Asks: 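Before anything else, here's the structure in question.
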2 protein chains.
Amino acid sequence: MGIMKIKEVSAKFNVPADTLRYWERVGAIPPVNRNAAGYRDYDDEDIDWITFAKCMREAGVSIEYLIEYITLFKQGDATLQARKDLLHEQLDTIAQRLHEIQHTYDLIKDKADHYEAHVEGYRGKLLQ
Amino acid sequence: MGIMKIKEVSAKFNVPADTLRYWERVGAIPPVNRNAAGYRDYDDEDIDWITFAKCMREAGVSIEYLIEYITLFKQGDATLQARKDLLHEQLDTIAQRLHEIQHTYDLIKDKADHYEAHVEGYRGKLLQ
DNA sequence: TCTTGCCTTGGAGTCGACTCAAAGGTTTAT
DNA sequence: ATAAACCTTTGAGTCGACTCCAAGGCAAGA
């Protein structure tokens, strides 16, 4: 699967082609190889980076963070420790976000369950 | 605790006063009572709404959704079912987001663990 | 060959959600 | 009583992350 054009990648990941170009332009993913015509030609490595970027973005990680990671990556093995630190930092942030969302989920679940029990003839009260 | 001014509420929730005013202005929370001078005077009910709004925002729920919810709430008991539906909709979205973030967490954890094992003398490879 | 469709870039526009500034009224501590 | 620290509104500005547009090159089918 070494010859995906941007439209296929867009469809595969459900990410607009404009966004894929944007990520590359600002450096949130490394530059993608081109064919003779100058068209982007995504190989497995590019696909891996997009997988990474998409996951991170969905988890709320900023573009800036991705750029920082790629910047380190481009500098080679000397930055392994720095990249590791960056990932751990992200891991902490993501874990925290996870707990916040879990908390909200539980709260809304309670509210919804309460509606469930009282949805008919219930006299409205705050947060019900 | 029925006489909190905006600064105290801001401190309690760690949400800027400007943001509290913004939420109220656009209708993401109901109007807050005022004292004689026109100052906002947050009571327990207001605090509950801010708790709700903050949780929802942290879970990635849009301001627009909150406005929709408040709009229904203001229309009284006739909208109980609609509000219940809205909450269930949000619940689904939040659950989905939760799984996405969990997925990313696992992915990053793997990457980080891998770094842990190879951080010295490891030859860089994609996503490492 | 022509047309339709996908690709390119550069730059401008949009959108959600704040965030700040200006001008002015109130409260509180000294 | 006066300064410092609050509060108010209106409206404009910012920021992150896209998203769209124009102008033009390449490709694949009829």
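Values in this document were obtained by computation on a predicted structure and should not be read as measured data. Within every chain, numbering begins at 1; the chains are lettered A, B, ... in the order of the sequence lines, protein sequences first and strands thereafter.
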Asks: Under a criterion of less than 4.0 angstrom to any heavy atom of chain B, what are the 5'-terminal and 3'-terminal contacting nucleotides of DNA chain C?
Replies: C:dA17 to C:dT27
Asks: Answer with yes or no whether the hydrophobic clustering places A:Ile6 together with A:Tyr39; edges join I, L, V, M, F, W, Y residues whose side-chain heavy atoms lie under 4.5 Å apart.
Replies: no
Asks: Rounded to whole angstroms, how far apart are CG on B:Leu20 and C1' on D:dT8?
Replies: 15 Å
Asks: Report, one line per pair, each donor and acceptor closer than 3.5 Å where one atom sits in a side chain of residues 19-28 of chain A; sequence neighbours left out.
Replies:
{"from": "A:Arg21", "atom 1": "NH1", "to": "A:Asp18", "atom 2": "OD1", "distance (Å)": "3.1"}
{"from": "A:Glu24", "atom 1": "OE1", "to": "A:Arg40", "atom 2": "NE", "distance (Å)": "2.7"}
{"from": "A:Glu24", "atom 1": "OE2", "to": "A:Val32", "atom 2": "N", "distance (Å)": "3.0"}

Asks: For A:Val61 and A:Arg97, which heavy atoms make the closest approach, and how far apart are they?
Replies: N-NH1, 3.9 Å
Asks: Can you check whether A:Trp49 and A:Phe73 have ring centres sitting under 6.0 Å from each other?
Replies: yes
Asks: Among residues 96-105 of chain B, which ones have heavy-atom contacts with DNA chain D below 4.0 Å?
Replies: none
Asks: More than 12 non-hydrogen atoms from neighbouring residues, nucleotides or ligands closer than 6.0 Å to CG on A:Asn35, yes or no?
Replies: yes
Asks: Answer yes or no: is there an ion pair linking A:Lys12 with A:Glu8, defined by an N-O contact shorter than 4.0 Å?
Replies: no
Asks: Are there more than 12 heavy atoms of other residues, nucleotides or ligands under 6.0 Å from atom CD of A:Glu64?
Replies: no
Asks: Both conditions, 6.0 Å and 45 degrees, for the charged tip of A:Lys111 above the ring of B:Phe52: are they met here?
Replies: yes
Asks: Give a yes/no on whether any side-chain N or O of B:Arg21 is located under 4.0 angstrom from OP1 or OP2 of D:dC7.
Replies: no
Asks: Considering only nitrogen or oxygen atoms on both sides, find all protein atoms under 3.5 Å from nucleotides 19-25 of chain D and state each distance.
Replies:
{"from": "D:dG25", "atom 1": "N2", "to": "A:Tyr39", "atom 2": "OH", "distance (Å)": "2.5"}

Asks: For the side-chain hydrogen bond (donor to acceptor under 3.5 Å, both in side chains) test, which of A:Gln75, A:Arg83, A:Gln81 pairs with A:Thr79?
Replies: A:Arg83
Asks: Quick one: A:Asn35 CG to D:dC26 C1', roughly how many Å, whole number?
Replies: 9 Å
Asks: What is the distance, to the nearest angstrom, from the NZ atom on B:Lys7 to the C1' atom on D:dA4?
Replies: 12 Å
Asks: Only counting residues at least two apart or in another chain, list the ones meeting side chain to side chain contact (heavy atoms under 4.5 Å, CB included) with A:Lys109.
Replies: A:Tyr105, A:Asp113, B:Leu91
Asks: Rounded off to whole Å, could you give me the CD-to-C1' distance for the B:Glu24 and D:dT10 pair?
Replies: 15 Å
Asks: With A:His103, which residues qualify under side chain to side chain donor-acceptor pair (under 3.5 Å), at least two apart?
Replies: none
Asks: Does the side chain of B:Arg40 get closer than 4.0 angstrom to OP1 or OP2 of D:dC6 through an N or O atom?
Replies: no
Asks: Starting at the 5' end of DNA chain D, which residue's closest nucleotide do you reach first, A:Ala36 or A:Trp23?
Replies: A:Trp23
